[in-house]
S.K.: 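First the structure, then my questions, so here it is.
Given the structure is predicted, the values throughout are model-derived calculations rather than measurements.
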Amino acid sequence: MSNKNVLDRIVNNNRMPVLFVGSGISRRYLYNFPNWRELLEQSFNACSKDPYLYQSTLNELNKQKLTDFEKNKKLATVAQCEYDKAFFNRKVSIGRNKNPHWVKKGVNPYKMYICNRFKKMKVIRSEKFENEIQEFKKLSNKISAVITTNYDRFLEQEIFNSDFTVFKHQNELFSSDSYNIAEIYKIHGCVTDADSIVITEDDYEHFNQSRKLFIAKMLTLFAESPIIFLGYSFTDENISAIVEDFLDCLSEEQLGNISEHFIFISYKENEQELKEIKRTIMRGKREIPITEIQTDNYLEVYHTLNHITPGISPKRLRETKRIIKTIVDESIISGDPSSIIVGIDDLDKLDYSKKPLAVAVGYRDNIIGISGYSSISDEMIINDILFDNQHLDPEKMCLFSFKSISTTRLLPVFKYASKYVDFSKNPKLVDFINERNSINKIISNTAKKTINNLPFGSSYTEVNELISNESNFNKKAGILLKSIDSIDINTFKKICQELSILPCKDYSAPNFKRCVMCIDFIENGTQFK
């Protein structure tokens, strides 16, 4: 028993893990797969005849006392500038077509070069790696999800095939098509979409602005599964910031047992055993234990994990969740006091003592019907505005959900009203719109007084720092609301989305509702001015 490692213990607990896969896995199985620095050097050589351009750029960066991660981002920024210049000056081309159609669509040439470079990667065909890949493939029925920073398509083409659904943009993490099971999240982009590639300083800045959404997805997955890192160095700067942010979000109880649920599989040349090492990550004055397994025997890693015996395959479980989510996206209390309709993820919130519960399968609109639309929750509407994930019918929303809406109520309506035609059927909605058809009407003088003493920021970082220093959720939202004139609407919405997934979130908080109403008005309601 004492010889069992952490992977054996995961198998004994029979919990399907999440795999967090890095470039080390692609380098193991794909011919001539470059590390980040090699890719950057190849990029310089591809666009310039100057053999010293790369080295001279690197030498300048070495003088600035930067980390390797910071140097790589800056090298990528210069490489993109040089490559784009060479492409538009007709000094380099991508593919055989000298005038590719994607140029007119605004696709960046350097990103397209990277996509083209990684699309050509071929799998190494050797007996050792063939055996490993075959064992790796069996994990498709043993793991719950995959997160990866890799651009290439090795995972989805060679390992998980059509069993897993692929997401390549961060804004897809909480889309209506994501069910947290049998999914691959390509958080740094994919070769099938050049615009999704994260490699330059600007790309990472944009990624970092959205990172809280990704951390929230990790927390959702971690609630059900341990996370196993494959193909990363334990000290990889590219991933350490994500790991630290994630650890900051865990409770003391979760941190106390994290070494059994947060595992790094690190490559160690010629090591045939699964050598378990206890590591620590410093968070303030506290040491957080992490488990690392050093090995070159990935066949044994996959073989061990394949002893997990899930009750239902991830693919089948995802399909089941998809069907039920299609029926009802969230808890909806019907007008009939003898029944209740609820999404599967909300069953633990029900009070079974008050009403009988029935599970129905069929078309969502047929089940919900008019009575369902007459009692749509504010939370459901708010999520629909922020994430566009509820698929609510605009006409039924305007006719039934907003049938008796009071002019004093705080609720976003413009997404639905903008697609509605016959307002004569709902004069109450017309009155409401007339009372809320500008930002100044949404943030009334009374509302402004409640946020008067709160600070405001003029950038994503500044607003987030101010919000993180405030414990009260309504005041957090008030800081964002007060900052509406100082930041662009995309940044405003992104922060609002992040507020909506905080553990302390309160959908009834008036400042938060006003934030969502402002987003709804700017995106959908300017025609009603």
Side-chain angles (χ1 to χ4, degrees), residues 23 26-27 30-122 148-154 157 168-171 186-210 237-238 459-460 488 490-491:
S23 61
S26 292
R27 281 202 300 276
L30 298 179
Y31 275 115
N32 298 322
F33 192 93
N35 62 32
W36 195 0
R37 187 61 64 83
E38 290 168 343
L39 172 63
L40 294 170
E41 184 172 4
Q42 291 166 8
S43 300
F44 277 87
N45 294 337
C47 67
S48 175
K49 295 181 180 179
D50 182 356
Y52 297 118
L53 179 60
Y54 166 77
Q55 193 60 49
S56 63
T57 305
L58 180 59
N59 288 347
E60 288 300 313
L61 294 175
N62 286 336
K63 297 175 184 178
Q64 299 178 32
K65 297 182 179 179
L66 303 171
T67 66
D68 286 342
F69 182 51
E70 291 168 332
K71 290 176 190 175
N72 287 346
K73 288 189 294 183
K74 288 182 179 294
L75 283 169
T77 301
V78 176
Q80 177 174 276
C81 181
E82 293 293 331
Y83 194 94
D84 290 355
K85 189 191 305 179
F87 178 85
F88 287 116
N89 287 334
R90 302 286 184 160
K91 293 181 179 179
V92 296
S93 60
I94 302 171
R96 297 179 180 179
N97 191 342
K98 299 297 181 182
N99 300 290
H101 64 88
W102 48 262
V103 174
K104 292 183 178 179
K105 295 181 179 180
V107 176
N108 179 261
Y110 180 57
K111 302 286 182 66
M112 188 58 78
Y113 159 77
I114 291 174
C115 290
N116 195 54
R117 173 86 173 76
F118 282 96
K119 281 179 181 177
K120 295 178 179 179
M121 295 288 174
K122 303 294 184 183
T148 181
T149 52
N150 297 347
Y151 310 136
D152 63 85
R153 301 190 69 199
F154 171 74
Q157 286 185 327
K168 51 197 174 188
H169 292 277
Q170 282 203 74
N171 60 6
K186 307 192 75 169
I187 62 173
H188 282 176
C190 180
V191 295
T192 60
D193 183 353
D195 289 333
S196 69
I197 298 296
V198 176
I199 190 167
T200 66
E201 290 175 290
D202 284 346
D203 296 332
Y204 274 96
E205 176 64 26
H206 181 73
F207 174 81
N208 289 338
Q209 288 179 1
S210 303
E237 287 182 79
N238 197 16
S459 69
Y460 174 88
D488 64 86
N490 292 328
T491 301

S.K.: Tell me every residue that passes side chain to side chain donor-acceptor pair (under 3.5 Å) with N45, counting only those two or more places apart in sequence or in another chain.
M.R.: none

S.K.: Please name all residues satisfying salt bridge (charged side-chain N to carboxylate O under 4.0 Å, His left out) with R117, sequence neighbours left out, ordered by chain then number.
M.R.: none

S.K.: Parallel under 30°, tilted from 30 to 60°, perpendicular over 60°: which one fits the rings of F207 and Y204?
M.R.: perpendicular

S.K.: Residues two or more places apart in sequence or in another chain: which of them pass salt bridge (charged side-chain N to carboxylate O under 4.0 Å, His left out) with K104?
M.R.: none

S.K.: Got a sec, which pairs hit side-chain hydrogen bond (donor to acceptor under 3.5 Å, both in side chains) with one end in residues 187-200, sequence neighbours left out?
M.R.: K168-T192, H169-D193, T200-D203

S.K.: Going through the distances and angles, do I94 and Y83 end up as a side chain to side chain contact (heavy atoms under 4.5 Å, CB included)?
M.R.: CA-CA 11 Å; I94 302 171; Y83 194 94; 3.3 Å; yes

S.K.: According to the salt bridge (charged side-chain N to carboxylate O under 4.0 Å, His left out) rule, which pairs have a member within residues 51-62, sequence neighbours left out?
M.R.: E60-K63

S.K.: F118: which residues meet the ring-ring contact (aromatic ring centres under 6.0 Å, His included) condition with it, sequence neighbours left out?
M.R.: F33, Y151

S.K.: By the salt bridge (charged side-chain N to carboxylate O under 4.0 Å, His left out) test, which pairs, at least two apart or in different chains, include something from residues 39-48?
M.R.: none

S.K.: Yes or no on side chain to side chain contact (heavy atoms under 4.5 Å, CB included) for K111 and Q80, after CA distance, side-chain angles and deciding distance?
M.R.: CA-CA 8 Å; K111 302 286 182 66; Q80 177 174 276; 3.4 Å; yes

S.K.: Could you list the residues that satisfy side chain to side chain contact (heavy atoms under 4.5 Å, CB included) with T148, not counting sequence neighbours?
M.R.: V21, N150, L155, I184, K186

S.K.: Check whether any side-chain heavy atom of L58 lies under 4.5 Å from a side-chain heavy atom of L40, and answer yes or no.
M.R.: no

S.K.: Taking side chain to side chain contact (heavy atoms under 4.5 Å, CB included) as the test, write out the residues that go with Q64, two or more places apart.
M.R.: L61, L66, K74

S.K.: Restricting to non-hydrogen atoms, name the atom on D152 and the atom on S26 that form the minimum distance, rounded to 0.1 Å.
M.R.: OD2-OG, 2.8 Å

S.K.: Within a reach of under 6.0 Å around CG of D488, are more than 12 heavy atoms found that belong to other residues, nucleotides or ligands?
M.R.: yes

S.K.: Testing the 3.5 Å rule here: is there a donor-acceptor pair between the side chains of S43 and Y110?
M.R.: yes

S.K.: Please list, chain by chain and in numerical order, all residues satisfying side chain to side chain contact (heavy atoms under 4.5 Å, CB included) with K105, sequence neighbours excluded.
M.R.: H101, V107

S.K.: Can you check whether P34 reaches M121 side chain to side chain, under 4.5 Å on heavy atoms?
M.R.: yes

S.K.: Are there over 12 heavy-atom neighbours, none belonging to K119, within less than 6.0 Å of that residue's NZ?
M.R.: yes

S.K.: If we only count heavy atoms from C-beta on, is the C190 to R153 side-chain gap below 4.5 Å?
M.R.: yes

S.K.: Do D202 and T77 have side-chain heavy atoms sitting under 4.5 Å apart?
M.R.: no

S.K.: To the nearest 0.5 Å, tell me how far Y460 OH sits from N490 CG.
M.R.: 13.0 Å

S.K.: Less than 4.5 Å apart, any side-chain heavy atom of I199 and any of W36?
M.R.: yes

S.K.: Can you see which heavy atom on I197 is nearest to which on C115, and at what distance?
M.R.: CG1-SG, 4.0 Å

S.K.: What closest approach, in Å, do F87 and P100 show between heavy atoms, and which atom pair accounts for it?
M.R.: CZ-CG, 4.2 Å

S.K.: I'd like to check the side chain to side chain contact (heavy atoms under 4.5 Å, CB included) partners of D68; sequence neighbours left out, ordered by chain and number.
M.R.: R37, K71, E237

S.K.: Does any pair with a residue in residues 47-56 pass side-chain hydrogen bond (donor to acceptor under 3.5 Å, both in side chains), and if so which ones, sequence neighbours excluded?
M.R.: Q55-N59

